Amino acid sequence: MRKISFWVLMLVVVAMPLVQARGPYRLQAIAQFNLVADNGEVCTVTCQYCHVSPNGGAPWNAFGNQVRANFKGSIGEALYEALKAMKDSDGDGYADVLEVFAGTLPGDASSKPLVTAQFLMQNLEKAGGVDIYKPK
């Protein structure tokens, strides 16, 4: 009985940091994507910005794969590089950065802005361009 308890404890000690490690990625996306309303309320960033499942984990969606391809130790830099690439990961006609700017999901073709890409691009440029998503 003691052996089993020891291994259960070891599993919890080893697995717990892995589960909690993903929280900071989501928090970085919230901060970096400026998803805070004027009243200070944090807008929802689901795991589906990068993952297929709302709970995160594998598999990743097309935008998540772009972020992963750019990951070299800093999630902030990886997010920025994915947006700076000006790709349309989900093929819905909107560059990933425009979807983030509009508050839609860049890895889900069924989630797209209600205005034209040209309108979004003009407003993104007025706001400072893709560099508004540069990590601080």
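Just so you know, these numbers come straight off a predicted model, no measurement behind them.
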Q. Do the side chains of Phe63 and Leu105 get nearer than 4.5 Å, heavy atoms only?
A. no
Looking only at heavy atoms, what is the nearest atom pair of [X] and [Y], with distance?
X: Pro106; Y: Ser89; result: O-CB, 3.8 Å
X: Ala69; Y: Lys72; result: O-NZ, 3.7 Å
X: Leu79; Y: Ala29; result: CD1-CA, 4.0 Å
X: Asp88; Y: Gly93; result: OD2-N, 2.7 Å
X: Gln28; Y: Ile75; result: CG-CG2, 3.6 Å
X: Ala117; Y: Tyr94; result: N-CE2, 3.5 Å

Q | Non-neighbouring partners of Ala95 that pass side chain to side chain contact (heavy atoms under 4.5 Å, CB included), sequence neighbours left out | A | Met86, Val97, Leu98
Q) Looking at residues at least two apart in the chain, or sitting in another chain, which of them share a side chain to side chain contact (heavy atoms under 4.5 Å, CB included) with Ala109? A) Asp90, Asp92
Q. Out of curiosity, does Phe71 fall in the hydrophobic cluster containing Val52 (side-chain heavy atoms, cut-off under 4.5 Å, transitive links)?
A. no
**Q.** Where at least one partner belongs to residues 103-114, residue pairs that pass side chain to side chain donor-acceptor pair (under 3.5 Å), sequence neighbours excluded
**A.** Glu99-Thr104, Asp108-Ser110
**Q.** Sequence neighbours excluded - side chain to side chain donor-acceptor pair (under 3.5 Å) pairs with any residue from residues 114-136
**A.** Tyr80-Asp131
Q) Is there a donor-acceptor pair under 3.5 Å between the side chain of Gln66 and the backbone N or O of Ala82? A) no
**Q.** Partner residues of Glu81 under the side chain to side chain donor-acceptor pair (under 3.5 Å) criterion, sequence neighbours left out
**A.** Lys84
